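One structure is given below, encoded as structure tokens.
A, B, ... follow the sequence lines: proteins, then strands. Residue 1 opens every chain. This one's a predicted model, so the numbers in the text were calculated from it and none came from an experiment.
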2 protein chains.
Amino acid sequence: MPDDAQRTARRGSYAKGVARRQEILDRSIEVFAERGSGRTSLRAIAREIGVTHAALSHYFGSLEELLVAVYEASSDKGGEPVPDDASPMDMMIESARTNRDVPGLVQLYSSLVAAALEDDHPVAHAFASTRFANLRHELAERIRQQQRSGRMRADVDAVAVAALVIAASDGLQTQWLLDESAPQHEALAVLEHLLQPPAPEE
Amino acid sequence: MPDDAQRTARRGSYAKGVARRQEILDRSIEVFAERGSGRTSLRAIAREIGVTHAALSHYFGSLEELLVAVYEASSDKGGEPVPDDASPMDMMIESARTNRDVPGLVQLYSSLVAAALEDDHPVAHAFASTRFANLRHELAERIRQQQRSGRMRADVDAVAVAALVIAASDGLQTQWLLDESAPQHEALAVLEHLLQPPAPEE
DNA sequence: GTCTATACTTTGATAGAC
DNA sequence: GTCTATCAAAGTATAGAC
């Protein structure tokens with residue numbers, strides 16, 4: 001929301017704070033992208049970017065909110081916008097490709113999802129469940145398009161396929177990070193092949 | 001290894017220690033199954049089962065090793081042994097069914113996998129990568145059987161399908177835990193449908 | 001070998017000074 | 001708005017009683 005910074009700057013004020021928050025966010029993204037979220041405590045990242053840990057708490061409320069903000073900001077700026085008619089599988093394959101360059105962000109994502117499953121992490125839970133819900137909705141829409149235009153088999157439910165594609169992407173990414181011999185790309189290709197409409201004749 | 005306990009009991013002994021370790025493990029499984037791994041620190045679980053946190057360190061070395069031991073012990077005892085000719089998809093569907101009763105163990109599994117992705121968690125990394133490698137190998141074997149007997153389409157690579165099935169199971173489990181309206185069962189059914197051999201005639 | 005007592009370091013959070 | 005000071009709780013490590 002760049003507009004917000006503009007508006008509030010005029011009337012006196014905490015424009016500096018907004019800018020500072022953005023600066024902290026940018027530096028944090030760099031740190032996470034290269035170091036992962038493991039050895040990255042609230043204090044460690046504060047030290048790294050030259051502020052006190054209390055400053056981070058001030059701007060982001062808690063460690064978990066900082067993590068969510070970092071992940072969302074970095075995935076917003078990651079990669080070009082996808083064309084409206086891109087196939088869901090191509091989207092996922094493309095995202096897998098760009099993710100290989102920033103393992104730290106994938107670690108961050110994975111730890112946020114794990115935290116979201118716990119009972120007492122409302123921030124992570126809200127982040128993960130809305131992300132999955134939005135992704136399912138968006139992908140299902142694309143899938144219906146593909147089915148209508150005959151580029152994907154039409155005998156399967158779009159939302160179920162969307163959930164399946166998301167699950168496969170996340171899970172294969174994980175397997176590949178743990179063991180580079182895991183057939184991430186091959187498995188995605190298999191799924192794409194399975195979703196192809198049956199050849200009408202041959 | 002019950003044999004070990006027997007043998008060493010004879011020669012004077014730490015049979016008591018082995019039994020105690022097992023007792024701690026059993027109690028820990030109960031605690032995790034109902035509470036999850038979130039609010040369950042080394043000290044909290046020690047308090048819960050009536051020992052000091054130092055005793056847990058003594059038997060398990062570190063928190064992470066305790067977590068791995070708890071997960072492995074509980075998944076060993078979870079459910080009947082699967083018949084040799086069970087279909088891979090049926091295995092995963094069955095496992096999804098039993099997992100619904102023990103969300104705490106799924107949380108534990110998820111947090112172990114997330115930790116495994118970090119750079120400085122060798123114990124979790126060893127656990128997760130060997131688990132995935134073994135699962136892929138075992139599932140691929142079953143898939144080849146199914147392909148040979150004509151119960152699964154044969155135009156896809158068995159290892160890639162194995163990785164895909166594992167990823168789908170894990171990812172859908174996660175989505176469902178975050179949001180019960182996620183189509184876990186439907187998506188697994190879709191995958192099963194896609195893997196069916198094409199009808200020879202109709 | 002088994003286990004307790006204890007101490008050490010680091011964490012995330014907060015209160016209050018400026 | 002930002003920092004210093006402080007807090008309770010965490011995981012780990014060690015010494016030594018039994």
Side-chain angles (χ1 to χ4, degrees), chain A residues 4-5 8-9 11-25 27-28 31-32 35-70 108 111-112 115 118 120-124, chain B residues 4-25 27-28 31 35-70 108 111-112 115 118 120-124:
Chain A
D4 246 40
T8 54
R11 70 153 184 260
S13 85
Y14 48 88
K16 183 185 167 195
V18 173
R20 188 113 175 85
R21 189 191 139 106
Q22 189 59 48
E23 184 195 328
I24 290 176
L25 208 44
R27 290 281 295 117
S28 301
V31 174
F32 277 100
R35 301 207 345 199
S37 60
R39 195 65 278 130
T40 318
S41 67
L42 188 67
R43 299 169 112 102
I45 180 172
R47 208 177 305 125
E48 192 105 11
I49 69 182
V51 301
T52 63
H53 63 276
L56 294 189
S57 287
H58 172 69
Y59 282 115
F60 298 94
S62 74
L63 171 62
E64 209 156 51
E65 287 173 275
L66 171 62
L67 298 183
V68 170
V70 167
L108 172 57
S111 72
L112 280 175
E118 308 289 339
D120 44 3
H121 292 249
V123 176
Chain B
D4 247 39
Q6 293 283 335
R7 190 169 356 101
T8 54
R10 257 198 290 126
R11 69 153 185 259
S13 105
Y14 45 88
K16 183 187 166 194
V18 174
R20 187 109 175 87
R21 188 191 140 105
Q22 189 57 48
E23 184 196 328
I24 290 175
L25 212 44
R27 289 281 295 117
S28 301
V31 174
R35 302 207 344 199
S37 59
R39 196 64 282 127
T40 317
S41 67
L42 186 68
R43 297 169 115 101
I45 179 171
R47 208 178 305 124
E48 191 106 10
I49 68 182
V51 301
T52 63
H53 63 275
L56 293 188
S57 287
H58 173 69
Y59 281 115
F60 298 94
S62 74
L63 171 63
E64 210 156 49
E65 286 173 276
L66 171 62
L67 298 183
V68 170
V70 166
L108 172 55
S111 72
L112 280 175
E118 307 290 340
D120 45 4
H121 292 250
V123 176

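One distance of note links OG1 of Thr40(B) with CG of Leu108(B); it measures 9.0 Å at 0.5 Å rounding. A distance of 8.0 Å separates CG of Leu67(B) from OG of Ser62(B), quoted to the nearest 0.5 Å. A distance of 10.0 Å separates CZ of Arg43(B) from OG1 of Thr52(B), quoted to the nearest 0.5 Å.
Distances from the side chain of Ala54(B) to the nucleotides dT12(D), dA13(D), dC3(D) place dA13(D) closest. Ranking dA7(C), dA5(C), dA13(C) by closeness to the Arg43(B) side chain, first place goes to dA7(C). Distances from the side chain of Arg47(B) to the nucleotides dA10(D), dT11(C), dC3(D) place dA10(D) closest. Distance from the side chain of Ser41(A) is smallest for dT11(C) among the nucleotides dT4(D), dT11(C), dT4(C).
Proximity of Ser57(B) to the phosphate of dT12(D): no side-chain N or O atom is located under 4.0 Å from OP1 or OP2. Within the 4.0 Å cut-off from OP1 or OP2 of dG12(C), not a single side-chain nitrogen or oxygen of Ser62(A) is found.
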Could you walk me through whether Ile49(A) and Leu56(A) pass the side-chain contact (heavy atoms from CB on, under 4.5 Å) test, one step at a time? CA-CA 10 Å; Ile49(A) 69 182; Leu56(A) 294 189; 4.3 Å; yes
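The CD1-P distance, from Ile45(B) to dG11(D), rounds to 11 Å in whole Å. The CD1 atom of Ile24(B) sits 11 Å away from the P atom of dT2(C) (whole-angstrom rounding). Rounded to an integer number of Å, the gap from Leu56(A) CG to dG1(D) C1' is 14 Å. Note: CG (Leu66(B)) to C1' (dG11(D)) measures 12 Å, nearest angstrom. Atom pair Phe60(B):CZ and dT12(D):P shows a separation of 14 Å (rounding to whole Å applied). Going from atom CG of Leu42(A) over to atom P of dA10(D) covers 18 Å, rounded to whole Å. Between the CD1 atom of Ile49(A) and the P atom of dC3(D) there is a distance of 11 Å, rounded to whole Å. Atom CD in Glu64(A) sits roughly 15 Å away from atom C1' in dT11(C) (whole-Å rounding).
Of the residues near DNA chain C, Ala44(A) and His58(A), the one whose nearest nucleotide (by heavy atom distance) lies more toward the 5' end is Ala44(A).
Within the 4.0 angstrom heavy-atom criterion, only backbone atoms of the sugar-phosphate kind lie near Leu63(A); the bases stay farther away. Within 4.0 Å (heavy atoms only), Ala55(A) reaches sugar-phosphate atoms of the nucleic acid but no base atom.
Below the 3.5 angstrom threshold, one finds a donor paired with an acceptor across the side chain of His53(B) and the base of dT12(D).
Shown here are the side chain to side chain donor-acceptor pair (under 3.5 Å) partners of His121(A), two or more places apart in sequence or in another chain: Glu64(A).
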